[in-house]
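A quick write-up on the structure given underneath.
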Amino acid sequence: MASRPTEPRSCDTFVALPPATAGSRVVFGKNSDRPCDEVQEIVYFPAASHKAGDKLECTYIEIEQAAKTYAVVLSRPSWIWGAEMGANEHGVCIGNEAVWGREEVCDNEALLGMDLLRLGLERADTAENALTVMVDLLEKYGQGGNCMESHMAFTYHNSFLIADRKEAWVLETSGKYWAAEKIEEGVRNISNQLSITTKIDREHPKMRDYAKSKGWWEGEKEFDFAAVYSYVNTARMTTSRGRYCEGYKLLNKHKGNITSETMMEILRDKESGINMEGGFMTTGSMVSILPQEPNLPCIHFFTGTPDPDRSVFKPFIFVPNITQLLKTSSPTFGHDDPVKKKPRFLTKPDRRHELYKQHESAAVVMETFKEKGKEMLEQIRKLEKEKINKMESILQNQCLDVNQAVNLFSQCVEEEINTYCLRV
């Protein structure tokens, strides 16, 4: 069994729903905190139909394929099949977190939490349907396997924040057992700890019996999932120092007027630890606007580069015939990939995509030449602001040019790269 790290290293995912947001919109956001040298790529997969009996190769195991899969855009560590965060064509967004608790984490290779996330996006048209897909697959295949591209094991249970245009769900797991909480208004965040307490809207049918059998719950007190399945003092979750508490405070600070820019500001916050630095750092970030009016497009912003404070949130909108995201897609190695060979991870190939390389060079300039770095940062923030304003105009005027949206994300990547190239 792999043990819990001495200091939990995870991510932070946020959602705000009316009346906490400005306008009739749901705003979703996530920072992916991963090993500092891990490349995160932004990739798009179109909708597809599949034949009966088709198999699907996930990160470690093969499962049955669904008859139909929806179009998805994903931000993912470039060595895995699944994703840290992403969205689908129906406006469903999901982010996941590493969590630990009383239940031992299984080393056996099964579905990663990141695999479950992608499967939920590919197979569900609402947040609750995604939850159902994910828990059904969890029950059938289990969760487990190394979550880091290394011979050193890094394993964990998973929690998820799943959102659509109307509502959000928190899904938290411990082995095959799980609990889910529905959020219909206000704000909610998850971090590297269980956070569902007594408001449980859906659950594994044997979750309480299992807790009794382990001696974690005697069956008399009100059932508190986080308290029973982990060592969290749930009475102090929103007051004790920690990233979950810091995220909670940042959301509530802006409650009533949260926009996509507010969410980006939260994800860039270093003082709170939300924008993580060090051996584990924020390697990719995502913010989504999910309008409650079904005629308006959902808009998803991704960085595809480390440290959101010096990255550009670039917009993506689902339309037919999307241009492939070549400059944020990492090279592939097929069956020669060290992830696919056993024993795994004996070597580590260069997985950097074009945007990552250019951003890496620009980061050196920002660190070494302060004035030049300041100018570069101003330019990329100007680019980002232009894109945000353009997206706001689309939502306000209900005037999406589908032909432009096909290249929207890729064009912004080109503009970002040009900004770096002109100044490096």
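None of these values were measured; they are calculated from a predicted model. All values below come from the heavy atoms of this structure, side chains included, with hydrogens, waters and symmetry mates left out. Sequential numbering from 1 along the given sequence is applied to the chain's residues.
The aromatic ring centroids of Tyr70 and Phe318 lie 6.0 Å or more from each other. Checked against a 6.0 Å centroid threshold, the rings of Phe409 and His300 do not count as neighbours. In this structure, Trp81 has its ring center at least 6.0 angstrom away from the ring center of Tyr60. Within the 6.0 Å centre-distance limit, the rings of His204 and Tyr177 are counted as a close aromatic pair.
Side-chain N/O atoms of Thr132 and Asn129 include no donor and acceptor closer than 3.5 Å. Side-chain contact check for Thr198 and Asp224: no donor-acceptor pair (N or O, by modelled atom type) lies under 3.5 Å.
A search for ring pair (Phe, Tyr, Trp, His ring centres under 6.0 Å) contacts involving Phe14 returns nothing, not counting sequence neighbours. Here Glu271 pairs with nothing under the salt bridge (charged side-chain N to carboxylate O under 4.0 Å, His left out) rule; sequence neighbours left out. The side chain to side chain contact (heavy atoms under 4.5 Å, CB included) search around Phe369 returns Val365, Lys372, not counting sequence neighbours. Under the rule for a salt bridge (charged side-chain N to carboxylate O under 4.0 Å, His left out), the partners of Lys270 that lie at least two apart in sequence or sit in another chain are Glu277, Asp307. For Gln324, the side chain to side chain contact (heavy atoms under 4.5 Å, CB included) criterion is met by Tyr44, Pro46, Leu326, not counting sequence neighbours. Judged as a side chain to side chain contact (heavy atoms under 4.5 Å, CB included), and not counting sequence neighbours, the contacts of Ala66 are Arg123. Remark: Met391 engages Ile299, Phe301, Pro315, Ile317, Ile394, Leu408 in a side chain to side chain contact (heavy atoms under 4.5 Å, CB included) (not counting sequence neighbours). Applying the salt bridge (charged side-chain N to carboxylate O under 4.0 Å, His left out) criterion to Glu139, with sequence neighbours excluded, gives no partner residue. Remark: Asn252 pairs with no residue by the side chain to side chain donor-acceptor pair (under 3.5 Å) rule, at least two apart or across chains. Under the rule for a salt bridge (charged side-chain N to carboxylate O under 4.0 Å, His left out), Glu172 has no partner lying at least two apart in sequence or in another chain.
Using a cutoff of 4.0 Å between basic side-chain nitrogens and carboxylate oxygens, Glu109 and Arg344 are scored as salt-bridged. Comment: Glu360 does not engage Lys357 in a salt bridge, judged by the lack of any side-chain N to carboxylate O separation of less than 4.0 angstrom. At a threshold of 4.0 Å, the pair Glu415-Lys387 counts as salt-bridged, since one of the basic side-chain nitrogens sits closer than that to a carboxylate oxygen.
Residue pairs meeting the salt bridge (Lys or Arg N to Asp or Glu O under 4.0 Å) criterion with at least one partner in residues 69-87, sequence neighbours excluded, are Lys30-Glu84, Glu41-Arg76. A salt bridge (Lys or Arg N to Asp or Glu O under 4.0 Å) check over residues 187-200, counting only residues at least two apart or in different chains, returns the pairs Glu181-Arg188, Lys199-Asp201.
Nearest heavy atom pair, residue Pro291 against residue Leu395, reads CG-CD2, 3.8 Å.
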